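A short worksheet on the structure shown next.
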Amino acid sequence: MGVSFEIGPIRPPSEGGHASLLLRITRNCPWSRCHFCYGTLYGRHKFELRSLDEVKADIDTVKYLADTIRQISWQLGRGGRVDRETGAAIIRSRPELREDQCFVVVFNWLYSGGRTVFLQDADSLVMKTPQMVDTVAYLRVAFPEIERITTYARAKTLYRKSLDDLKSLRAVGLSRLHVGLETGDEELLGLVEKGVTVEEHIAAGRKVKEAGFELSEYFMPDLGGRARWEQHARGTAHLVNAVGPDYLRSRPFVPRSGTPLYDEYRAGRFQLSTAHERLAELQLLVGELNVSTRLCFDHFANSWRDKDGGFLFRQDYEGYKLPEEKPLLLNLIEQGLAADESQHLQPVQMVGLDRM
Ligand code: SF4
């Protein structure tokens, strides 16, 4: 098929597994200062807005690929269905497409139902609102069957957007925002240079909800290390209770080489908690949550084990429904604490890992 569109490096796991079309509307991160991240997720590449023409051309390319794949399905007598047989037939006649990332992404997306799209990269809403509205509208015209369009957004960017801007984005079909909360502790937010205060984050989260979005927030167990675990847990619970995100996703801290926090760790100025200590932090956080949300452990760094060596927590994208499943969750945490420390994968064993 010989055509291509741009795909960025990162997407949330819940948008992975081939389920979502990945469409890059900006490049890299406009902030690039968070001490646990800087230089890793997007390398040290500078942030760029992509032009509307460029992004529309990419949507046209996706449409061309999707139409071509469906056309081949019709020619094969498969009624436009995109299934294994269609894929096998295409690869038999064009083996080189197996290595064609754009073809593979579009094929897998259609194969998974073609219903969800994730707009890349780190902070899409820095794009001017009319341009983003135009982008989403163009996408929906090209693919009317799309049911969910999501993207990453920084809390500070959302704080700066007006409610009307957010409502217009919601009205055109952007439906879920993924936001890095990391911690609700003011001191820690400052130390890791998250670039947003607790008050701003709460205001941003409430505005997002008021505009009608699904809000998916990511917090980072052990971001405060041994020194600040308690204020980290209490502050995060307070912030989550104040916002009420639809999803709260656990992304335990892993010091990754190249980041300022990794250097702090190596220099002995940052003490990682043990697996049990992380569970105790989680226990405090969960105990203090009094809001309706879904707490998810959909990432490999949630590595606590149960007595049989399996994962302590389910790793699915819908997680545990709170408050209904809070007793279950607290019970699981108790079980994890009762298990021998050596049974868990220790955070220190994950140091330097690049896969996050
Ligand atoms: S805003 Fe996100 S992508 Fe950017 S540096 Fe912070 S954590 Fe990394």
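Nothing here was measured: the structure is a model prediction, and the numbers come from that model. Remember, it's 1-based here, ligands and their atoms both numbered in the order they're listed.
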Next item on the list: Within a distance under 4.0 Å of any heavy atom of R33, pick out the atoms of ligand 1 and give their elements.
Entry: 5 (S)
Checklist line | Location of contacts on Y38 toward ligand 1, heavy atoms closer than 4.0 Å | finding: neither
Notebook entry, point to check: Mind checking whether Y265 and F270 have ring centres under 6.0 Å apart?
Noted result: no
Notebook entry, point to check: Heavy atom under 4.0 Å from ligand 1: found in C34's side chain, backbone, both, or neither?
Noted result: both
Check: Within 45° of the ring axis of F47 and under 6.0 Å from its six-membered ring centre, is that where the NZ or CZ of R27 lies?
Finding: no
Note to self: Yes or no: does S32 have any heavy atom under 4.0 Å from an atom of ligand 1?
What the structure shows: yes
Next item on the list: List the closest protein heavy-atom neighbour of atom 2 (Fe) of ligand 1: residue, atom name, distance to the nearest 0.1 Å.
Entry: K194 NZ, 4.2 Å
Note to self: Does this structure show an ion pair linking E324 with K321, if we count only N-O contacts that are shorter than 4.0 Å?
What the structure shows: yes
Next item on the list: Please say whether the positively charged group of K326, taken as NZ for Lys or CZ for Arg, lies over the ring of Y320, i.e. under 6.0 angstrom from the six-membered ring centre and within 45 degrees of the axis.
Entry: no
Next item on the list: For ligand 1, indicate whether the residue Y42 contacts it via side chain, backbone, both or neither (heavy-atom separation under 4.0 Å).
Entry: side chain
Next item on the list: Within a distance under 4.0 Å of any heavy atom of F36, pick out the atoms of ligand 1 and give their elements.
Entry: 7 (S)
Next item on the list: Within a distance under 4.0 Å of any heavy atom of R154, pick out the atoms of ligand 1 and give their elements.
Entry: 1 (S)
Note to self: Which residue and atom name correspond to the protein heavy atom nearest atom 4 (Fe) of ligand 1, and how close is it?
What the structure shows: C29 SG, 2.3 Å
Notebook entry, point to check: If you count the non-hydrogen atoms of other residues, nucleotides and ligands that lie under 6.0 Å from CD in E199, is the total more than 12?
Noted result: no
Check: Can the positive tip of R251 be found less than 6.0 Å from the middle of the six-membered ring of F219, inside 45° of the ring normal?
Finding: no
Notebook entry, point to check: For the atom pair OH (Y111) and CZ (R84), what is the distance rounded to the nearest 0.5 Å?
Noted result: 3.5 Å
Notebook entry, point to check: What residue and heavy atom of the protein are closest to atom 8 (Fe) of ligand 1, and at what distance?
Noted result: C37 SG, 2.2 Å
